[in-house]
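Below is one structure, written out as structure tokens; comments come after it.
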Amino acid sequence: MSALAASTARYRHGMEPFATVLVRRMFATWHDAAISIVCLAFVIWLLPKLIGWAFLDAVWSAPNATPCIGGAGACWAVITARWRLIIFGLYPFDQHWRSGLACLAVVVVVVLSCVPALWRPVRLSLLWLGGFLTFYFLMRGGVFGLSLVGTERWGGMALTLFIFTAVAVLGMPMAIILALGRQSELPAIRWLAGLLIDTVRALPLLTVLFTAAVILPFALPDWLIGDKLYRVIYAFALFFACAQAEIIRGGLQAIHAGQLEAAKALGLGYWHRTWHIVLPQAFRNSLPATINQFVITFKETSIVIIIGFFEVLASGHAAYGTGDWTSAYAEVYVFIALIYFAFVFSLSRYGAHLEKRMRLGHD
Amino acid sequence: MNWVRISCAVASLAFAATIMGTGAAEAAMGDTLKTIKERGHLLCPGHNGTYLGFAEVDNAGNWKGFDIELCRAMATAILGSPDKLKVVPISFAQRFPAIQSGDIDLIIKVTGWTLGRDTELGLQFSQPYFLGATQLAVNVATGAKTGKDLNGASLCSQAGTSTERLAADYLTNLKIKYEMVSFEKSEDMRAAFFSGRCDAVALWGPNLAISISQATDPNKFMALPDVLAVEPQSIAMRQGDDQFVDIANWMLTVLITAEEYGITSTNVDEHKAKAGNPTVARMLGATPGIGKRLGLSESWGYDVIKHVGNYKQIFDRTLGDGSPYKMKRGVNSLIRDGGVLYPLVID
């Protein structure tokens with residue numbers, strides 16, 4: 001039995017005491033031991049400083065940053081005083097509950113999308129469309145006695161989530177159409193879809209968004225210009241769709257040719273074949289990569305700050321950008337990093353779980 | 001595949017036609033005012049984040065600051081209420097495309113009046129409302145009293161900014177030696193200056209005063225009297241609509257005249273009832289004329305002072321003693337107080 005097999009066997013049975021595992025993994029040879037000791041010393045040196053800064057010496061509540069100045073700790077008072085600005089941005093203060101509910105709707109949709117029972121094209125599309133509409137009407141108002149709030153007052157986490165869900169809801173169908181188009185038997189469609197995908201994928205996201213926000217209004221007739229936010233969302237969705245189309249194409253190509261031939265032999269038409277045989281399997285194949293694409297898209301929403309939107313990073317700037325709080329910028333950035341981390345880490349953990357589950361299915 | 005080819009051809013023809021059909025971005029006389037009145041609110045630029053003292057956001061998510069107050073004054077002059085204003089958050093780089101595409105009606109966003117903007121960008125400017133001077137601040141420990149005393153000093157600056165260039169030119173002209181320490185972000189630069197990494201820093205006037213007020217010990221730092229450059233800040237509007245430029249100019253004159261005569265939001269009613277001075281009477285609409293000639297209501301001058309206040313009140317609230325910055329008026333005082341502000345004549 002090789003050494004590797006022996007260690008794997010021990011590992012599987014989990015009979016080894018913790019101390020033995022520790023010694024084998026971290027102190028097996030003298031250079032392993034040296035690296036372990038250096039790393040351990042670094043952690044022991046860093047940890048008390050970090051805890052001191054973040055907790056022990058921190059100022060938790062103050063009317064402005066003056067009590068924090070000269071102190072050794074974090075100035076969390078800026079978060080206590082201005083968290084509503086960071087989360088809800090410029091949204092009218094007395095209507096924050098609407099913005100909060102809207103954000104919750106998006107979180108619920110994302111969580112529900114992780115339930116395997118809902119992994120059917122129709123159920124998933126209905127879920128996302130429903131969540132998106134709930135979000136949109138809660139934020140915008142003008143119905144059910146809610147006051148109308150223009151998009152220039154949308155901001156903070158709510159705007160980040162809105163851009164993310166809108167891009168996902170619009171971009172996903174576009175991605176499917178583009179991926180199928182690229183596989184089409186009609187040369188014109190195949191060629192057009194390929195051209196669009198390769199062109200957009202060759203451009204940086206920022207230039208695509210900048211063109212939509214700033215340059216399109218000069219090129220389009222008045223009736224087509226619309227709101228800047230929606231122009232940017234359409235462009236972002238196109239960008240997402242082109243990247244996602246390639247992921248779906250990967251899923252399509254992984255399907256065994258026999259599947260399609262069997263479907264044809266049964267006499268199923270193109271749409272039936274695609275809807276019942278091809279797409280469900282393609283989705284299943286491309287799910288891990290799709291989740292990765294969602295994570296990337298979520299993080300990339302912060303780029304819209306450059307074209308003047310008040311998303312969560314901009315509202316963070318605004319939170320410390322007043323005379324009372326100018327010195328507390330690091331704390332605001334830490335807070336925003338934690339928000340992003342909470343979203344992205346749970347998404348990527350879920351992706352890892354999914355991969356494990358699928359591998360089990362194939363065994 | 002004929003139908004594909006035909007529909008492609010039709011689509012591209014339609015696209016070309018729509019692009020040809022769009023006109024130039026110059027505004028016509030009276031257009032802006034008409035659009036704003038029909039829309040029922042004024043569109044003013046905010047910021048993506050905040051710009052200290054000029055456009056900030058309070059805890060409840062409402063805009064405040066000097067430029068925002070001028071937007072409120074403009075909204076009051078045109079529509080009678082400071083609340084008929086929508087502040088659109090946009091970045092600095094985007095303010096010029098935004099006004100040309102009609103996303104905003106005017107630019108009040110610490111915008112300097114320059115030749116390039118006036119001619120090539122198709123903009124028209126109001127009378128300057130604020131004079132921003134670029135100055136040096138030093139660590140008191142250096143003992144420097146003017147720029148000449150900075151021989152051998154190190155200077156913190158923000159990489160690639162016009163302020164950095166101005167400071168380099170100025171110190172070179174004084175024929176003194178200095179070391180430039182560049183930073184990417186203004187927060188880093190300020191932190192370095194306050195921690196003693198460099199002896200001096202060059203900043204735009206309001207930013208300078210605001211930065212010093214935020215130091216751990218503000219008494220350790222002071223501004224030098226040297227003025228490296230001044231940039232007049234004006235309201236920018238689309239070229240071609242002279243009537244709208246008139247409104248902006250006379251709105252500024254009302255704010256300054258009111259300060260000159262001591263008319264504030266609290267005593268404006270007495271002044272209007274008394275109607276002693278003919279200029280004041282015309283400004284407040286007690287003697288009619290000011291509204292009709294500009295296409296506004298006769299009481300617009302009164303409304304602006306009643307709802308927003310005079311220049312001094314706006315300054316005190318946003319930059320002066322009523323704010324965390326405690327800025328001095330300096331050159332932005334009335335002529336009689338040694339500054340550069342003067343009203344136009346209301347006849």
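Proteins come first, then strands; the chains are lettered A, B, ... in the order of their sequence lines, and each starts at number 1. All values below were derived from every heavy atom in this structure, side-chain atoms included, with hydrogens, water molecules and symmetry-related copies excluded. Values in this document were obtained by computation on a predicted structure and should not be read as measured data.
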Practice task
Establish, for the pair Lys228(A) and Phe309(A), whether the NZ or CZ atom is under 6.0 angstrom from the six-membered ring centre and no further than 45 degrees off its axis.
Solution key: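 Relative to the ring axis of Phe309(A), which defines the angle, Lys228(A) lies inside both limits.
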
Exercise for the section: Give a yes/no verdict on a cation-pi contact between Lys109(B) and Tyr51(B), requiring under 6.0 Å between NZ or CZ and the six-membered ring centre and an angle within 45° of the axis. Expected result: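 Geometry flag: not set, cation outside 6.0 Å or 45°.
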
Practice task
Under 4.5 Å heavy-atom distance to chain B, tell me which part of Ile215(A) shows up: side chain, backbone, both or neither.
Solution key: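 When you check distances to chain B, no heavy atom of Ile215(A) falls under 4.5 Å.
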
Problem - Contact origin within Tyr329(A) toward chain B - heavy atom pairs under 4.5 Å - result: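 For Tyr329(A), the side chain is the part near chain B, not the backbone.
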
Problem - Top contributor to chain B contacts, counting heavy-atom pairs under 4.5 Å, from Thr151(A), Thr326(A), Val214(A), Ile86(A) - result: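 Going by pairs under 4.5 Å, I would pick Thr326(A).
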
Handout entry: Pairs of heavy atoms under 4.5 Å with chain B: top-ranked of His96(A), His317(A), Glu152(A)
Key =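 Most pairs with chain B among the choices: Glu152(A).
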
Exercise for the section: Quickly, which of Asp31(B), Leu42(B), Leu43(B) forms a side-chain contact (heavy atoms from CB on, under 4.5 Å) with Ile36(B)? Name it, please. Expected result: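 Passing option: Leu42(B).
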
Practice task
State which residue, out of Ile90(B), Ile99(B), Asp67(B), fulfils the side-chain contact (heavy atoms from CB on, under 4.5 Å) condition with Pro45(B).
Solution key: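 Among Ile90(B), Ile99(B), Asp67(B), the one that satisfies the side-chain contact (heavy atoms from CB on, under 4.5 Å) with Pro45(B) is Ile90(B).
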
Exercise for the section: May I ask you to decide whether Asp316(B) forms a salt bridge with Lys312(B), counting only side-chain N to carboxylate O separations under 4.0 Å? Expected result: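 Yes, charged N to carboxylate O under 4.0 Å.
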
Top contributor to chain A contacts, counting heavy-atom pairs under 4.5 Å, from [options]:
{"options": "Asn59(B), Leu52(B), Asp58(B)", "answer": "Asn59(B)"}
{"options": "Ser91(B), Pro97(B), Ala60(B)", "answer": "Ala60(B)"}
{"options": "His47(B), Arg190(B), Gln94(B)", "answer": "Gln94(B)"}

Problem - Contact origin within Ala55(B) toward chain A - heavy atom pairs under 4.5 Å - result: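 Contact with chain A involves no heavy atom of Ala55(B) at all.
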
Problem - Atom group of Asp103(B) that falls short of 4.5 Å from chain A, counting heavy atoms - result: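 The side chain, not the backbone.
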
Exercise for the section: Verify ring-ring contact (aromatic ring centres under 6.0 Å, His included) between Trp325(A) and Trp76(A), making sure each step is shown before the conclusion. Expected result: CA-CA 11 Å; Trp325(A) 298 108; Trp76(A) 297 125; over 10 Å; no

Handout entry: Check against side chain to side chain donor-acceptor pair (under 3.5 Å), Arg98(A) and Tyr91(A)
Key = CA-CA 9 Å; Arg98(A) 276 164 58 184; Tyr91(A) 209 75; 3.3 Å; yes

